[in-house]
Amino acid sequence: MTDPIADLLTRIRNALQARHGNLVVPRSVLKLAIVRILKDEGYIEGYVEVENTHQGAIKIFPKYDTANKGVIRGLQRVSKPSRRVYVGKADIPQVRNGLGVAILTTPNGVITDRQARRAGVGGEVLCYVW
């Protein structure tokens, strides 16, 4: 697999569309950080680390609204292995005029666009969530 982040986002998107109660993805430090941000921002109910193999897995519980539609309306991968997208602290994007979240990897770790603006750091834009 050449792009595990795109695989994570696609699995979440597919689980929401099929209205699954949970989904399991292979574990990595970067995926765990992205899932933690999704939980902190209220896009998923929660997650649990599962120790089933040498790599482990992450069990994610999607969040649905009262109409049984996914809280996550869109996921978009920005920086890809074939085309990396880096931004400076002055050029950090706003997703849907602040209604969404951009997830960045910075020298301070994997953080949201708001946290990056507050810290005054730029980095690689991983994805947009709204």
Side-chain angles (χ1 to χ4, degrees):
M1 179 182 328
T2 59
D3 193 0
I5 304 305
D7 179 62
L8 168 72
L9 299 177
T10 300
R11 286 180 190 227
I12 292 172
R13 194 179 302 115
N14 289 344
L16 287 168
Q17 189 172 9
R19 291 176 178 73
H20 287 298
N22 62 54
L23 67 135
V24 179
V25 296
R27 182 189 181 282
S28 75
V29 175
L30 186 58
K31 288 180 190 178
L32 199 57
I34 292 171
V35 170
R36 179 186 46 80
I37 287 175
L38 292 176
K39 166 73 172 105
D40 292 344
E41 294 292 320
Y43 288 110
I44 60 173
E45 289 286 337
Y47 65 94
V48 176
E49 290 185 61
V50 180
E51 299 296 329
N52 59 358
T53 61
H54 68 281
Q55 181 180 358
I58 306 169
K59 191 173 197 176
I60 302 170
F61 303 98
K63 191 174 191 177
Y64 298 97
D65 61 10
T66 56
N68 204 21
K69 293 183 80 174
V71 171
I72 297 176
R73 301 292 187 214
L75 292 164
Q76 181 183 0
R77 178 76 159 119
V78 178
S79 185
K80 302 173 184 174
S82 61
R83 183 175 176 267
R84 301 289 183 183
V85 177
Y86 297 96
V87 293
K89 64 181 181 181
D91 301 324
I92 297 172
Q94 264 196 334
V95 180
R96 303 276 171 137
N97 289 326
L99 296 177
V101 173
I103 300 177
L104 292 89
T105 179
T106 67
N108 295 354
V110 179
I111 58 177
T112 65
D113 55 343
R114 291 181 207 94
Q115 293 168 335
R117 273 190 218 92
R118 219 174 298 124
V121 294
E124 181 182 356
V125 182
L126 295 177
C127 62
Y128 296 149
V129 183
W130 67 91

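From a predicted model like this one, the values you see are computed outputs, not experimental measurements.
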From NE2 (His54) to CZ (Arg27), nearest 0.5 Å:
12.0 Å
Among Leu38, Ile37, Leu23, whose side-chain contact (heavy atoms from CB on, under 4.5 Å) with Ile44 holds?
Leu38
Closest non-hydrogen atoms of Tyr47 and Leu32, given as atom of the first, atom of the second and distance, are CE1-CD1, 3.9 Å
In the single-linkage hydrophobic clustering (I, L, V, M, F, W, Y; side-chain heavy atoms under 4.5 Å), do Val78 and Ile5 co-cluster?
no
N/O donor-acceptor pairs under 3.5 Å from side chains in residues 8-18, not counting sequence neighbours:
residue: Thr10; atom: OG1; partner: Ala6; partner atom: O; Å: 2.8
residue: Arg11; atom: NE; partner: Asp7; partner atom: OD1; Å: 3.4
residue: Arg11; atom: NE; partner: Asp7; partner atom: OD2; Å: 3.0
residue: Arg11; atom: NH1; partner: Val24; partner atom: O; Å: 3.2
residue: Arg13; atom: NH2; partner: Leu75; partner atom: O; Å: 2.9
residue: Asn14; atom: ND2; partner: Thr10; partner atom: O; Å: 3.4

Which pair of non-hydrogen atoms, one from Ala116 and one from Ile92, has the smallest distance, and what is that distance?
CB-CD1, 3.6 Å
Could you state the interatomic distance from CD (Glu45) to CZ (Phe61), rounded to the nearest 0.5 Å?
9.5 Å
4.5 Å side-chain heavy-atom contact, Thr112 and Glu41
yes
Is it the case that one hydrophobic cluster holds both Ile72 and Val110, taking links as side-chain heavy atoms less than 4.5 Å apart, direct or via other members?
yes
CG of Asn108 to CZ of Arg118, rounded to nearest 0.5 Å, is 12.0 Å
Determine whether Arg114 and Val101 satisfy the following criterion, side-chain contact (heavy atoms from CB on, under 4.5 Å), listing intermediate values before the conclusion.
CA-CA 8 Å; Arg114 291 181 207 94; Val101 173; 3.8 Å; yes
Can you get from Val48 to Ile58 by hopping between Ile, Leu, Val, Met, Phe, Trp and Tyr side chains that sit under 4.5 Å apart?
no
Would you give the length of the straight line joining atom CD1 of Ile103 to atom CD1 of Ile34, rounded to the nearest 0.5 angstrom?
5.5 Å
Got a second to check how far Lys59's NZ is from Glu49's CD, nearest 0.5 Å?
14.0 Å
Kindly give the heavy-atom pair with the smallest separation between Leu126 and Arg77, and that separation in Å.
O-NH1, 3.1 Å
Heavy-atom closest contact (Pro62 atom, His20 atom, distance)
CG-O, 3.8 Å
Where is the tightest heavy-atom contact between Gly122 and Pro107, given as atom of each residue plus distance?
O-CD, 3.7 Å
To the nearest 0.5 Å, what is the distance between OH (Tyr86) and OG1 (Thr105)?
9.0 Å
I'd like to know whether CZ of Arg83 has more than 12 heavy-atom contacts from other residues, nucleotides or ligands below 6.0 angstrom.
no
Taking a hydrophobic cluster as the set of Ile, Leu, Val, Met, Phe, Trp and Tyr residues connected by side-chain heavy atoms closer than 4.5 Å, whether directly or through intermediates, do Leu30 and Ile60 fall within one such cluster?
yes
Got a sec: does the NZ of Lys39 have more than 12 other heavy atoms crowding it under 6.0 Å?
no
Between Asp3 and Pro81, which heavy-atom pair has the shortest distance, and what is it?
OD2-CD, 3.5 Å
